[in-house]
Amino acid sequence: MKDAVPGARGIWAPDVSFSHGEYRIYYSVSTFGKNCSAIGLVATPSLEKPVWTDKGLVFRSTPDDDFNAIDPNLFEDAEGRQWLAFGSFWSGLKMIRLDPKTGRAAKDARIHALARRGGPGAIEAPFVIRRGGFYYLFASVDFCCRGAASTYHTVVGRAKEPQGPYLDREGKSMMDGGGLLVLHADLDPSKRFVGPGHIAVLREPKQDYIVYHAYDTQARGVPTLRIQPLGWTDDGWPVAL
């Protein structure tokens with residue numbers, strides 16, 4: 001995978017799922033601020049005694065593209081089709097269809113646009129869940145990785161179909177910069193943690209949880225893992241509790 005992205009020094013943004021008898025981890029390879037990027041896949045039949053198989057390249061972007069192939073997230077729709085959402089900055093969040101048997105891009109896969117923002121295009125880290133007849137697209141916007149000065153926060157929109165359009169509570173499309181606020185420094189009663197984003201949602205039978213990173217202003221802005229219960233309003237919108 002490093003050969004696909006010259007100058008890359010590591011991997012990040014793992015996304016874990018279980019499908020076809022194996023645990024699959026999608027991951028990102030890139031260099032900061034550039035869209036010469038790639039999404040790779042490794043798999044193992046067990047997490048207790050993992051034996052990893054490198055499945056290789058799933059998807060990539062180059063400087064000739066208007067998108068950035070990082071921050072992968074796999075989800076399954078109501079028909080059993082699997083999709084991989086991804087993206088950071090440039091023209092926004094995208095999605096391709098996967099072959100569930102292999103975990104790699106389907107032969108007829110095409111790129112679907114999910115969300116974007118104007119200006120610097122500061123949107124990334126999509127995470128999609130299906131609930132109550134809707135698909136919910138969570139996204140991180142503005143700027144992370146600046147410690148206590150980070151402005152990162154999390155918004156959400158929903159759609160009837162996995163391809164969108166994803167709209168916020170006011171009906172504004174996420175393709176036009178819409179998104180209902182879910183996590184923000186101003187919503188933290190303690191005013192301690194800033195820049196909450198790059199979320200995942202853990203769904204349990206009795207309670208959903210939102211998992212994310214934020215920066216601790218009482219510890220020199222160190223990045224910190226945070227977990228909060230995730231509730232739902234009567235009209236079906238998520239609320240971090």
Side-chain angles (χ1 to χ4, degrees), residues 13 15-19 24 26 67 71-88 91-100 103 105-106 108-118 121-142 152-184 187 196-212 226-241:
D15 182 80
V16 184
S17 57
F18 183 80
S19 181
R24 295 172 175 173
Y26 294 88
F67 59 88
D71 294 351
N73 169 240
L74 179 144
F75 71 98
E76 189 170 289
D77 69 18
E79 298 179 10
R81 296 175 297 182
Q82 291 187 354
W83 303 87
L84 191 70
F86 60 88
S88 173
S91 63
L93 306 182
K94 311 294 183 181
M95 181 180 74
I96 59 169
R97 193 164 64 84
L98 299 177
D99 179 347
D108 59 346
R110 66 184 184 89
I111 299 173
H112 300 270
L114 301 180
R116 67 184 177 198
R117 296 184 84 210
I123 184 170
E124 60 188 10
F127 197 92
V128 183
I129 64 170
R130 179 167 58 92
R131 181 185 186 274
F134 286 100
Y135 297 90
Y136 290 82
L137 170 62
F138 295 82
S140 299
V141 298
D142 286 354
Y152 222 33
H153 57 280
T154 301
V155 299
V156 68
R158 70 184 186 185
K160 284 289 189 179
E161 301 294 334
Q163 302 95 324
Y166 287 89
L167 310 179
D168 65 18
R169 201 174 200 171
E170 304 302 319
K172 186 174 182 179
S173 173
M174 293 185 74
M175 287 295 293
D176 295 323
L180 174 68
L181 195 63
V182 179
L183 294 171
H184 192 283
L187 299 179
H198 207 133
I199 73 101
V201 175
L202 173 62
R203 310 210 62 200
E204 296 281 20
K206 295 183 179 181
Q207 178 68 65
D208 294 335
Y209 296 89
I210 187 166
V211 183
Y212 60 95
R226 302 274 291 161
I227 302 174
Q228 288 181 234
L230 188 69
W232 296 87
T233 64
D234 291 341
D235 58 347
W237 289 96
V239 178
L241 303 176

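Computed from heavy atoms alone, side chains included, the values below leave out hydrogens, waters and symmetry copies.
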task: Please test Asp208 against Leu202 for side chain to side chain contact (heavy atoms under 4.5 Å, CB included), starting from the C-alpha separation and ending with a verdict.
output: CA-CA 6 Å; Asp208 294 335; Leu202 173 62; over 6 Å; no

field: Reported OH-to-CG distance for the pair Tyr136 and Leu230, which is rounded to 0.5 angstrom
entry: 10.0 Å

task: Taking the side chain as every heavy atom from C-beta outward, state whether Ile111 and Phe67 have any pair of such atoms under 4.5 Å apart.
output: yes

- prompt: How far apart are the closest heavy atoms of Ala105 and Ala109, and which atoms are they?
  reply: CB-CB, 4.5 Å

message: Between Glu124 and Tyr152, is there a side-chain donor-acceptor contact under 3.5 Å, judged purely by atom types and distance?
response: yes

task: Might you work through the side chain to side chain contact (heavy atoms under 4.5 Å, CB included) test for Phe75 and Met95, ending with a clear yes or no?
output: CA-CA 10 Å; Phe75 71 98; Met95 181 180 74; 3.5 Å; yes

- request: Measure from the side-chain N and O atoms of Asp142 to the backbone N and O of Ala122, and report whether any donor-acceptor pair falls under 3.5 Å.
  value: no

- request: Hey, could you give me the OG/OH distance between Ser17 and Tyr26, rounded to the nearest 0.5 Å?
  value: 5.5 Å

query: Checking Ser140 side chain against His198 main chain: does a donor-acceptor pair fall under 3.5 Å?
result: yes

message: Give me the atom names and distance for the closest heavy-atom approach of Tyr212 to Gly197.
response: CB-O, 3.4 Å

- prompt: Do you know which two heavy atoms are closest between Ile199 and Thr154, and how far apart they sit?
  reply: CG2-OG1, 3.5 Å

- request: For residues Trp83 and Tyr135, establish whether the separation of their ring centroids is below 6.0 Å.
  value: no

- request: To the nearest 0.5 Å, tell me how far Arg117 CZ sits from Met175 CE.
  value: 13.5 Å

- request: Identify the two heavy atoms, one from Arg97 and one from Gln82, that lie closest to each other, and give their separation to 0.1 Å.
  value: CG-O, 3.4 Å

task: Before giving the answer on side chain to side chain contact (heavy atoms under 4.5 Å, CB included), spell out for Leu183 and His153 the whole-Å C-alpha distance, their side-chain angles and the decisive distance to 0.1 Å.
output: CA-CA 6 Å; Leu183 294 171; His153 57 280; 5.7 Å; no

query: Hey, are the side chains of Phe138 and Val155 touching, using non-hydrogen atoms and a 4.5 Å cut-off?
result: no

message: As an exercise, state the distance from CG of Leu167 to CG of Leu180, rounded to the nearest 0.5 Å.
response: 12.0 Å

- prompt: Can you tell me how far CG of Asp168 sits from CG of Leu137, rounded to the nearest 0.5 angstrom?
  reply: 11.5 Å

message: I want to check something: taking the side chain as every heavy atom from C-beta on, are Val211 and Val201 in contact at a cut-off of under 4.5 Å?
response: no

- prompt: Between Asp235 and Arg158, what is the shortest heavy-atom contact and its length?
  reply: O-NH1, 3.0 Å

- prompt: Are any non-hydrogen side-chain atoms of Arg169 and Leu181 less than 4.5 angstrom apart?
  reply: no

- prompt: Checking Asn73 side chain against Asp15 main chain: does a donor-acceptor pair fall under 3.5 Å?
  reply: no

task: Identify the two heavy atoms, one from Val182 and one from Pro238, that lie closest to each other, and give their separation to 0.1 Å.
output: CG2-CG, 4.4 Å

query: Rounded to the nearest 0.5 Å, how far does OH of Tyr209 lie from CZ of Arg226?
result: 14.5 Å

Electrostatic pair Glu79-Arg81, nearest N-O below 4.0 angstrom: yes

- prompt: Do Phe134 and Lys160 pass the side chain to side chain contact (heavy atoms under 4.5 Å, CB included) test, and can you show the C-alpha distance, the side-chain angles, and the key distance before you say yes or no?
  reply: CA-CA 5 Å; Phe134 286 100; Lys160 284 289 189 179; 3.7 Å; yes

